[in-house]
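I have placed the structure first, in the form of structure tokens, so that the comments after it can refer back to it.
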Amino acid sequence: MVIGCTHLDQNEKSTGMTTEAINIKLDSLRKTIEHHNYLYYVKSKPEISDFEYDSLYKELEELEHQHPHLIVPHSPTQKVGGQVLSEFENFPHSVPMLSLDNTYNEQELTAFHNRVVKLLSHNEITYTVEPKIDGVGISIRYEEGILRRALTRGNGEVGDDVTVNVRTIKSIPSRLHPENPPPIWEARGEIFMSKKDFAKLNEDREANGEHRFANPRNCSAGSLKLLNSAEVAKRPLDAVFYTIGEISGTKILSQKHLLDRLKQYGLKPPAFYRECQSIDEVLAAINELESIRDQFPYELDGAVVKINDFSHQRELGFTAKSPRWAIAYKFEPEKAITTINAVTIQIGRTGTLTPVAELEPVSLSGSTVSRATLHNFEEVARKDIRIGDRVEIEKAGEIIPAVLRSIKDSRDGSEETINQPLNCPVCQEPVAAIDDEVAVRCTNFNCSQQVKERLIHFASRGAMDIETLGEALVELLVDHNFINNPDDIYNFSIEQIEHLKNYEGLGDKSVEKLLLKIEESKSNPPWRLLFGLGIRHVGAKSSKTLLKHFHNIPTLALASKEDLVEIRDIGPVVADSIYEYFRNEKNIAILERLKKSGLNFSDDTKKIQNSLFTNKTCVITGTLETYKRDDLKNKLSDMGANVTGSVSVKTDYLIVGKNAGSKLQKAEKLRVKIIHESELVEMIKCP
Ligand code: IVH
């Protein structure tokens with residue numbers, strides 16, 4: 001905007017208004033609409049009629065239509081979305097998004113209280129009790145009051161950038177309310193769908209012949225990850241906020257202060273909040289919340305108890321994964337009674353046979369359940385569960401529903417016993433109990449279901465992360481005999497590729513994308529490959545540990561059991577399994593073919609130079625101009641640095657960009673060396 005400019009530009013000529021005047025008008029309209037959005041979506045107390053609101057909205061739309069160059073991303077008109085992404089970018093969280101420890105009863109909660117009393121130098125503790133919302137964690141960053149970035153929790157360190165989707169959520173302001181917002185304000189909370197909106201959405205979908213969503217949480221998570229933001233805008237997503245990440249230019253003194261401030265900024269806090277002076281009051285508040293759980297507008301899976309005073313929170317600090325100043329109190333999982341219509345058998349990637357009960361659909365914790373696990377055949381026999389039985393089922397948190405018991409009194413004699421099969425229902429080869437495990441396994445390594453499950457695991461997000469190579473495509477490829485082993489993924493023939501393009505939903509573009517993702521996966525760090533191989537008992541964490549120790553897969557392959565058990569966190573069972581895996585000729589042949597296909601087997605390839613950053617622990621904060629944060633992180637790691645997320649006495653360097661906040665303050669307090677971006681560029685150049 002050019003202030004004081006007297007001549008009119010092309011647009012100005014058409015309206016007779018200067019750009020400055022149009023901008024003032026636009027801003028005033030936007031602020032009025034934002035205020036009414038807040039009253040309607042956050043406070044649920046609208047002050048104007050729908051008609052009046054629509055008129056304001058139309059006026060803004062019209063003015064923006066006449067002056068499209070003056071449209072800003074935070075305008076209320078932009079809430080309809082429209083941007084289509086091909087994938088979400090990843091960004092690191094400025095402050096890690098941790099999780100909460102869980103308690104399930106009064107004793108565990110009292111133990112938490114006793115720990116807190118012991119750790120604090122006094123016992124004048126005020127607690128707060130809030131609902132634990134069963135939604136999707138989100139971190140929303142406002143810079144100078146404008147919504148700049150929204151990240152999902154991801155792995156707690158790095159999240160997906162879902163900003164364009166979050167902008168469509170009506171109860172999330174694109175601009176904070178006050179005139180002088182803090183320079184940085186990261187609000188963290190939960191995106192969810194109210195029970196009512198979810199039910200309505202499912203009804204509409206059913207009427208349109210679309211499939212129903214299983215529960216509000218899955219639906220919210222799926223909606224937030226849609227690549228077309230205009231589609232997201234159609235989903236009735238809502239959000240509440242209850243904590244903060246990085247903030248600057250303001251101080252928050254307590255949880256109560258935080259919730260008040262969130263409200264003041266136009267962000268919705270949870271719909272229940274109690275302040276408690278004793279653990280008995282905390283329990284009473286939890287009981288009160290549990291008693292109104294069913295009437296609550298959205299799904300809760302418990303209560304969150306926090307220490308109110310932020311100075312006490314700071315005193316208590318964090319463990320590696322959760323704060324010591326907060327704890328979740330999980331409500332008893334809800335149970336339901338229904339009938340087993342049939343039993344099917346699932347085969348896992350190691351051949352395990354899991355009986356699954358096909359149920360008469362029943363509503364449980366807000367979702368319709370039609371399948372539940374029976375765990376294994378020994379348990380089926382021990383609990384004497386039969387087809388046709390009335391059974392009690394339970395859903396606990398993330399875990400799929402399980403059959404708890406059968407109601408023997410309801411039997412009429414027509415129930416059928418569930419027998420452990422002697423042969424695999426897919427390949428018909430014999431099944432066997434391995435060692436002293438209760439599980440029985442299909443003994444045929446080439447069983448098509450095992451092959452599929454192994455490949456699904458190999459390509460999965462946690463392992464080789466070959467996007468687009470999901471369950472359905474793996475199934476198709478295995479059924480066509482295009483792939484059997486992981487190395488086949490890297491060796492499609494031209495004929496196979498051409499053949500694939502004939503399938504519905506698999507045009508030229510998606511096949512191209514698939515091949516690109518496969519190619520990209522070749523340079524994954526080797527721990528992903530090791531994890532993807534699916535060696536029994538070797539998870540992502542042990543894969544990382546093993547590669548930190550051995551640096552490459554060939555050296556690991558030569559390790560003796562003794563070498564392996566010497567590594568911290570690697571026990572004898574894991575060691576045995578690794579040892580056996582690398583002594584199997586078939587596995588070695590697969591590995592050799594993967595190597596030939598160009599997959600990365602070694603961390604050594606990243607030659608670590610001796611640099612100014614070698615063995616230095618670095619933290620990055622603020623907005624950088626020269627580097628993308630992830631790129632800088634990788635660059636510093638390549639130069640031998642250990643890049644972490646938070647400042648502590650162990651930090652050697654704090655690298656600061658623009659608008660650095662609390663990390664800078666902490667680093668100054670701890671006398672950590674501060675490196676500004678300009679110096680950093682020079683240091684990186686240094687040999
Ligand atoms: S406070 C440092 N408050 O539960 C973490 N979390 O298992 C502080 N959640 O990741 C989190 N309702 O996504 C907090 N009232 C609430 C919550 C809540 C739901 C989620 C959150 C967190 C997870 C922890």
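Whatever order the structure lists them in is the order used to number ligands and atoms, beginning at 1. Numbering of residues begins at 1 and proceeds along the displayed sequence.
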Inset, instruction - Using heavy atoms and a cut-off under 4.0 Å, could you grab the residues that are in contact with ligand 1, chain by chain, numbers ascending? - result: Leu98, Ser99, Leu100, Glu130, Pro131, Lys132, Ile133, Arg153, Glu190, Tyr242, Val304, Lys306, Pro323
Inset, instruction - Would you please classify the geometry between the Phe296 ring and the Tyr298 ring as parallel, tilted or perpendicular, with 30° and 60° separating the classes? - result: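 Geometry flag for Phe296 against Tyr298: perpendicular rings.
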Side chains of residues 275-289: which donor-acceptor partners sit under 3.5 Å, not counting sequence neighbours?
unit_1, atom_1, unit_2, atom_2, d
Glu275, OE2, Tyr273, OH, 2.8
Gln277, OE1, Thr126, OG1, 3.2
Ser278, OG, Asp280, N, 3.4
Ser278, OG, Glu281, N, 3.1
Glu281, OE1, Gln277, N, 2.9
Asn287, ND2, Leu283, O, 3.4
Glu288, OE1, Arg274, NE, 3.1
Glu288, OE2, Arg274, NH2, 2.7

Legend entry - SB check Glu47 Lys45 (cutoff 4.0 Å): no
Inset, instruction - Indicate yes or no for a side-chain donor-acceptor contact from Arg371 to the backbone of Val356 under 3.5 Å, with no hydrogens or angles considered. - result: no
Legend entry - Distance, nearest 0.5 Å, that separates OG1 of Thr168 from CG of Leu237: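 Reported to 0.5 Å precision, the distance equals 6.5 Å.
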Inset, instruction - Using distance alone, with no hydrogens and no angle criterion, decide if Asp101 and Ser322 have a side-chain donor and acceptor under 3.5 Å apart. - result: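 Result is yes, a qualifying pair exists.
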